[in-house]
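Heads up, the thing below is written out as structure tokens.
Within every chain, numbering begins at 1; the chains are lettered A, B, ... in the order of the sequence lines, protein sequences first and strands thereafter.
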Amino acid sequence: MSEIAKTYEPAAVEAKWYDFWLQHECFKGDPARVSEQRPAYSIVIPPPNVTGVLTLGHVLNNTIQDILARRARMLGKEVLWLPGTDHAGIATQNVVEKTLRKSGEIKHRDDLGREALVAKIWEWKEKYGGIILQQLRALGASCDWSRTRFTMDEDYSRCVSRVFVDLYQKGLIYRGKRMVNWCPASLTALSDEEVVMKEQNGALYYFKVEVIEEPGRFLTIATTRPETIPGDTAVAVNPKDPRYADLIGKHVRRPLPLENQAPLPILGDDHVTFDFGTGVLKVTPAHDKADYEIGQRHKLPMIDIMHSNGVMNELAGADLAGLERFAARKRAVELLTELGALEKEEPYKNNVGYSERADVPIEPRLSEQWFLKYPSVEAAHQVVTSGEMKFYPERWAKVYDHWLTGIQDWCISRQLWWGHRIPVWYRGSEVYCGMEAPSGEGWSQDPDVLDTWFSSWLWPFATMGWPDKTGTLAKFYPTTDLVTGPDIIFFWVARMIMAGFEWMGELPFRNVYFTSLIRDKQGRKLSKSLNNSPDPLDLIAQYGADAVRFGTMRSAPLGSDVTYDEKNIELGRNFCTKLWNATRFRQMQSGPIEGEIEPKLLTSDDKWILLRLDGALREVSTALDEYRFSDAANALYRFFWSEFCDWYLETTKAAFFGDLEARKFNTLAVMDFVLGHTLRLFHPFLPFITEELWHDLGYNDDLPADQGGETIMFARWPAPLDDDFKAHYGLTASDEQFANAKYEVVNHSRALRRDFNITSSKRVRFVLKPSSELPEHDAAVLRILLNAEPLDIVADFAAPPGTPTALTPLGELYLPLEGLIDVAAERERLAKEIAKVESELGKVRVKLADENFAAKVPAKVLDEHRQREAAWAEKHAQLAKMHAALG
RNA sequence: GGGCAGUUAGCUCAGUGGUAGAGCGGCUCGUUUACACCGAGUUGGUCGGGGGUUCGAAUCCCUCACUGCCCACCA
């Protein structure tokens with residue numbers, strides 16, 4: 001308990017409490033504590049790249065995880081939120097190589113060689129890796145840092161080898177010469193998922209070739225890649241195509257290169273479509289996936305005309321050899337033109353596969369690689385379609401299903417140095433696969449490393465001590481929730497599910513929450529290169545971590561993208577300030593109090609706010625149960641600002657500043673009840689400020705440590721108010737209605753002030769002619785909310801004609817203006833009011849007059865319309881009477 | 001080419017059959033002691049177009065348009 005400062009200074013408060021939590025080991029997940037009474041809740045962080053720095057995407061993702069983890073703790077669960085980083089093979093090697101080149105240390109990785117470069121990357125990792133984990137602390141992430149893992153930790157690496165060997169022995173991993181996606185920039189094979197399609201403005205080139213058996217007869221072929229002509233080994237047409245069917249089995253003369261005049265056979269293949277280009281396809285089995293398959297079907301030779309870096313080799317012919325592939329394309333077109341073979345060139349848009357990392361077009365290339373036939377596909381498929389594992393939003397299940405249905409073998413080897421080395425050794429024609437090097441002389445290990453995702457897919461259990469299934473793994477696996485971006489649903493989520501079934505015999509997590517994508521105001525993804533991605537640490541420094549968290553949560557709905565707007569963060573900051581000041585107001589009235597709420601002394605306002613609190617408790621819990629974080633945040637915002645501050649707090653002033661001293665204690669007790677619930681309800685969203693205020697108000701002092709005595713982190717999650725509670729305190733719907741009616745009187749008074757230009761700060765006399773007796777407290781509240789001096793409650797008030805009047809649910813409210821009475825003006829004002837009422841009344845009456853309506857509408861709706869009509873009609877009658885009284 | 005989202009106030013978005021909403025912005029007024037990072041009031045919408053179902057449609061159905069994302073071996 002200490003005095004709340006005038007303004008909230010997030011930086012100091014955040015550092016103080018984060019240190020406190022760490023010192024008290026509040027984030028620790030201990031399997032020994034798990035029991036039936038204390039169930040486990042676990043979540044593994046999607047490991048960011050070691051090279052990563054915090055982005056708004058991470059803020060969104062990790063705030064959600066933190067909310068889930070903190071709420072689970074408050075619900076009395078033993079929580080493990082396990083953090084860590086991913087070695088991110090290709091990305092990290094690129095970053096470090098680039099750094100070394102920039103500093104002039106090397107020109108090329110070969111300058112260092114494999115071992116030295118890997119050592120350098122490790123050095124770099126120790127120094128800069130994990131910056132992002134430090135940054136997550138600034139956000140308030142309650143990860144169990146003592147369990148931080150890295151995908152290249154020694155025991156993690158053993159897990160990777162173990163599953164490789166296992167899969168190899170099961171016959172699911174094989175080595176083969178296949179067409180793969182080759183990245184000519186990174187000089188490695190890639191998986192299908194690492195290739196992104198991009199639309200290109202290219203050209204379609206039409207060139208002709210002569211049929212050898214029928215001199216003078218030419219075929220025209222359309223291609224986007226004329227530079228691959230030297231690699232052609234056939235020409236294909238559809239056998240059902242009447243234009244060309246007779247040519248199958250004959251040959252054409254190869255147009256390029258000039259020195260290779262070996263004829264190309266014309267063959268029939270169903271893959272060829274009639275209506276694309278000319279219906280004649282050049283077949284280049286070594287440089288196109290589809291052509292490769294045609295080649296296989298027809299046993300065509302393959303001519304690889306390119307080096308691995310995309311430069312044409314000597315098989316491309318003297319004219320093209322040595323040229324980079326796109327330069328070669330230009331040259332090939334020139335050559336075709338010179339030969340008179342080029343018929344035309346049309347602009348053409350097509351999709352080209354790009355290397356996701358290096359952002360260059362990939363080259364289909366035949367090479368020796370390791371492949372994996374995915375394991376446990378059926379189980380992974382079933383668990384989602386059956387609904388045992390739930391996706392949020394649900395529609396991702398369909399995407400997942402579709403991918404799993406058409407799944408191809410996974411190319412898992414990479415020609416890189418940074419990563420898990422493939423656990424296979426060769427000696428002559430002998431091959432050995434094992435976790436350790438084979439004994440004996442002359443063995444050499446496969447030089448390739450594994451795809452990064454081949455280690456990431458083990459994350460949920462390899463981080464928990466697998467293959468030892470006791471301890472952590474026994475208690476915390478399967479994890480409860482996974483929170484990640486939909487962009488890695490195939491890369492990571494799907495594969496983790498398979499791995500979970502394959503090695504744990506069980507799903508790895510029960511629920512998957514896919515986060516929104518954050519875009520800028522122009523709808524673009526946030527990215528470094530566009531420089532449209534604000535640094536979350538700057539935002540935290542400027543607005544406070546809670547503000548960033550709350551602003552982000554409030555604006556990120558389940559299931560759709562969000563547009564980033566700093567205004568949202570600002571709103572978060574304003575909200576924290578509001579929370580701070582409202583709490584300060586409580587403290588200014590009194591220090592901590594002893595004792596309970598006295599039911600008999602509850603006012604209609606007290607009952608109203610308790611019922612509104614109940615509504616908020618239900619709304620927030622339900623929303624969180626359904627992973628609707630923005631709805632939960634909005635409910636909190638609305639409750640606290642629009643209900644607690646705007647109305648309830650103002651009514652308490654009747655007790656605190658008015659002449660009803662007797663109610664002061666009870667009002668404090670109600671405030672403490674509401675604030676105590678509110679702070680706990682807010683804690684997962686706003687961990688720092690709630691912890692600070694919890695202590696400042698002294699709410700921690702009378703609770704034992706495991707109920708939030710030392711920290712709000714372990715305070716009980718507030719349950720909705722039950723029926724016993726409501727009965728005990730006499731909370732009924734009619735109390736709520738009465739309070740609402742009272743607040744409506746206030747709204748009417750404000751409208752009157754507006755109409756007669758009386759500012760809200762000016763104290764004026766109001767007279768209420770009550771329709772029923774008004775309790776003393778409510779009169780006092782009205783006096784304060786109306787800013788009336790005095791507020792006369794006069795049952796038989798006879799207002800001078802022309803006195804501004806409003807009809808309220810509690811009676812007629814008068815604004816007697818001495819010397820300012822203007823009968824004509826008041827008559828006009830009433831006429832306007834009447835017109836409005838008549839319009840509403842008319843609308844309802846039109847509906848009710850419709851025979852169809854009355855006959856077909858449900859009774860409930862009909863009833864509701866009749867009530868509405870009656871209400872408007874009554875109002876209309878009263879207004880008309882007042883209008884008539886003015887003469 | 002296939003699939004999935006979305007289109008509501010100037011902006012960002014709620015609203016799944018019954019009186020169109022919130023926040024921000026704009027405008028007006030206000031330093032009444034929790035808060036000007038505030039309070040009070042006010043201004044903004046033929047709910048993308050067209051058709052249909054219904055007593056009644058932002059909401060259900062059909063269709064079109066536009067935007068975004070995912071999947072796909074027409075070179």
Side-chain angles (χ1 to χ4, degrees), chain A residues 4 6-8 179 197 204 221-225 228 236 271-284 288-294 348 350-351 353 364 393 395-396 398-399 402-403 406 486-487 489-490 517 519 521 523-525 543 547 554-555 557 559-565 567-568 570-589 630-631 634 637-638 641-642 645-646 649-650 653 657 746-747 750-751 753-754 757-763 784 787 840 843-844 847 850-858 860-862 864-865 868 872:
Chain A
I4 300 175
K6 183 136 171 74
T7 53
Y8 175 51
M179 281 307 267
M197 302 307 277
L204 199 52
I221 303 173
T223 182
T224 54
R225 300 199 64 186
T228 63
H271 168 74
V272 184
T273 46
F274 291 41
D275 54 357
F276 185 88
T278 56
V280 185
L281 172 69
K282 72 185 208 50
V283 183
T284 325
D288 184 279
K289 226 174 166 184
D291 289 7
Y292 172 76
E293 279 160 28
I294 296 176
Y348 180 64
N350 68 336
N351 288 317
R395 66 187 148 87
W396 290 110
K398 218 174 190 179
V399 175
H402 183 249
W403 183 75
D487 50 333
I489 185 170
F490 310 137
L517 217 65
R519 305 177 171 282
K521 285 185 186 168
R524 304 172 303 182
K525 270 192 198 177
Y543 296 102
R554 217 192 59 95
S555 61
S560 54
D561 291 353
V562 291
T563 310
Y564 171 74
D565 187 343
K567 286 266 183 251
N568 285 319
E570 220 173 275
L571 179 139
R573 190 260 328 257
N574 295 352
F575 186 63
C576 288
T577 306
K578 192 76 178 173
L579 181 62
W580 186 262
N581 282 311
T583 309
R584 200 161 70 92
F585 173 77
R586 155 65 188 87
Q587 199 187 53
M588 287 167 80
Q589 308 314 319
S630 64
D631 290 342
N634 272 315
Y637 183 92
R638 188 194 40 71
W641 202 307
S642 308
C645 292
D646 285 352
L649 220 57
E650 295 304 319
K653 291 176 183 173
F657 307 153
V746 178
N747 288 333
R750 288 171 180 164
R753 281 177 181 270
R754 177 198 69 222
N757 278 325
I758 296 168
T759 65
S760 52
S761 61
K762 188 173 163 117
R763 293 204 165 164
I784 287 189
N787 197 25
E840 293 298 326
K843 273 194 240 169
V844 186
K847 272 193 174 181
D850 187 339
E851 280 174 35
N852 263 327
F853 181 79
K856 295 187 180 172
V857 88
K860 194 183 138 205
V861 175
L862 186 62
E864 189 208 31
H865 277 77
R868 206 190 304 158
W872 284 121

Hey, does [X] reach any base, or is it just sugar-phosphate, or nothing, if we go heavy atoms under 4.0 Å?
{"X": "A/Ile221", "value": "nothing"}
{"X": "A/Tyr543", "value": "nothing"}
{"X": "A/Lys578", "value": "base"}
{"X": "A/Thr273", "value": "base"}
{"X": "A/Asn634", "value": "nothing"}
{"X": "A/Cys645", "value": "base"}
{"X": "A/Glu864", "value": "sugar-phosphate"}
{"X": "A/Trp872", "value": "nothing"}

Using Watson-Crick or G-U wobble geometry with both distances below 3.5 Å, tell me the partner of [N], or none.
{"N": "B/A5", "result": "B/U67"}
{"N": "B/G30", "result": "B/C38"}
{"N": "B/U53", "result": "none"}
{"N": "B/C47", "result": "none"}

Given the [atom1] atoms of [N] and [M], what is the spacing between them in whole Å?
{"N": "B/U12", "M": "B/G44", "atom1": "C1'", "answer": "15 Å"}
{"N": "B/C24", "M": "B/C64", "atom1": "C1'", "answer": "34 Å"}
{"N": "B/U32", "M": "B/A40", "atom1": "C1'", "answer": "12 Å"}
{"N": "B/G21", "M": "B/C61", "atom1": "P", "answer": "25 Å"}
{"N": "B/A14", "M": "B/U8", "atom1": "C1'", "answer": "10 Å"}
{"N": "B/G10", "M": "B/G51", "atom1": "C1'", "answer": "31 Å"}
{"N": "B/G18", "M": "B/G1", "atom1": "C1'", "answer": "43 Å"}

What I want to check is whether an N or O donor and acceptor connect the side chain of [X] with the base of [N] at under 3.5 Å.
{"X": "A/Arg395", "N": "B/C4", "result": "no"}
{"X": "A/Gln589", "N": "B/A34", "result": "no"}
{"X": "A/Lys398", "N": "B/C4", "result": "no"}
{"X": "A/Asp565", "N": "B/U12", "result": "no"}

Report yes if at least one side-chain N or O of [X] is closer than 4.0 Å to OP1 or OP2 of [N]; otherwise report no.
{"X": "A/Lys762", "N": "B/C29", "answer": "no"}
{"X": "A/Tyr348", "N": "B/A75", "answer": "yes"}
{"X": "A/Trp403", "N": "B/G3", "answer": "no"}
{"X": "A/Lys6", "N": "B/C37", "answer": "no"}
{"X": "A/Lys856", "N": "B/C55", "answer": "yes"}
{"X": "A/Asn568", "N": "B/G23", "answer": "no"}

Base of B/G56 relative to its sugar, syn (within 90° of 0) or anti?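 Here the answer is anti: the torsion falls beyond 90° from 0.
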
Mind listing the closest non-hydrogen atom pair of A/Arg584 and A/Ile4 along with its distance?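 For A/Arg584 and A/Ile4, the tightest heavy-atom pair comes out as CD-O, 3.7 Å.
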
Check: protein-nucleotides 25-28 of chain B nitrogen or oxygen pairs below 3.5 Å:
none

Quickly work out the [X] [atom1] to [N] [atom2] distance and round it to whole Å.
{"X": "A/Arg573", "N": "B/A36", "atom1": "CZ", "atom2": "P", "value": "12 Å"}
{"X": "A/Phe853", "N": "B/G18", "atom1": "CZ", "atom2": "C1'", "value": "7 Å"}
{"X": "A/Trp641", "N": "B/G23", "atom1": "CH2", "atom2": "P", "value": "10 Å"}
{"X": "A/Asp850", "N": "B/G18", "atom1": "CG", "atom2": "C1'", "value": "14 Å"}
{"X": "A/Leu571", "N": "B/A22", "atom1": "CG", "atom2": "C1'", "value": "11 Å"}
{"X": "A/Trp396", "N": "B/C70", "atom1": "CH2", "atom2": "P", "value": "8 Å"}
{"X": "A/Lys843", "N": "B/G18", "atom1": "NZ", "atom2": "P", "value": "16 Å"}
{"X": "A/Glu650", "N": "B/C35", "atom1": "CD", "atom2": "C1'", "value": "10 Å"}

Return the nearest nucleotide to the side chain of [X]; candidates are [options].
{"X": "A/Phe276", "options": "B/A40, B/C74, B/C35", "answer": "B/C74"}
{"X": "A/Arg868", "options": "B/G18, B/A75, B/A40", "answer": "B/G18"}
{"X": "A/Glu840", "options": "B/A75, B/G39, B/U19", "answer": "B/U19"}
{"X": "A/Ser760", "options": "B/C37, B/G18, B/G39", "answer": "B/G39"}
{"X": "A/Pro858", "options": "B/C38, B/C55, B/C70", "answer": "B/C55"}
{"X": "A/Tyr637", "options": "B/C55, B/G23, B/C35", "answer": "B/G23"}
{"X": "A/His402", "options": "B/A34, B/G18, B/C71", "answer": "B/C71"}

With A/Lys578 as the cation and A/Tyr637 as the aromatic partner, state whether NZ or CZ is under 6.0 Å from the six-membered ring centre and within 45° of the axis.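 Not satisfied by the 6.0 Å and 45° rule.
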
N/O contacts under 3.5 Å, protein versus nucleotides 41-47 of chain B?
from, atom 1, to, atom 2, distance (Å)
B/G41, O3', A/Arg754, NH1, 3.3
B/U42, OP1, A/Arg754, NH1, 3.1

Does the pair A/Glu293/A/Lys289 count as a salt bridge with the N-to-O cut at 4.0 Å?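 Result for this pair is no, no salt bridge flagged.
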
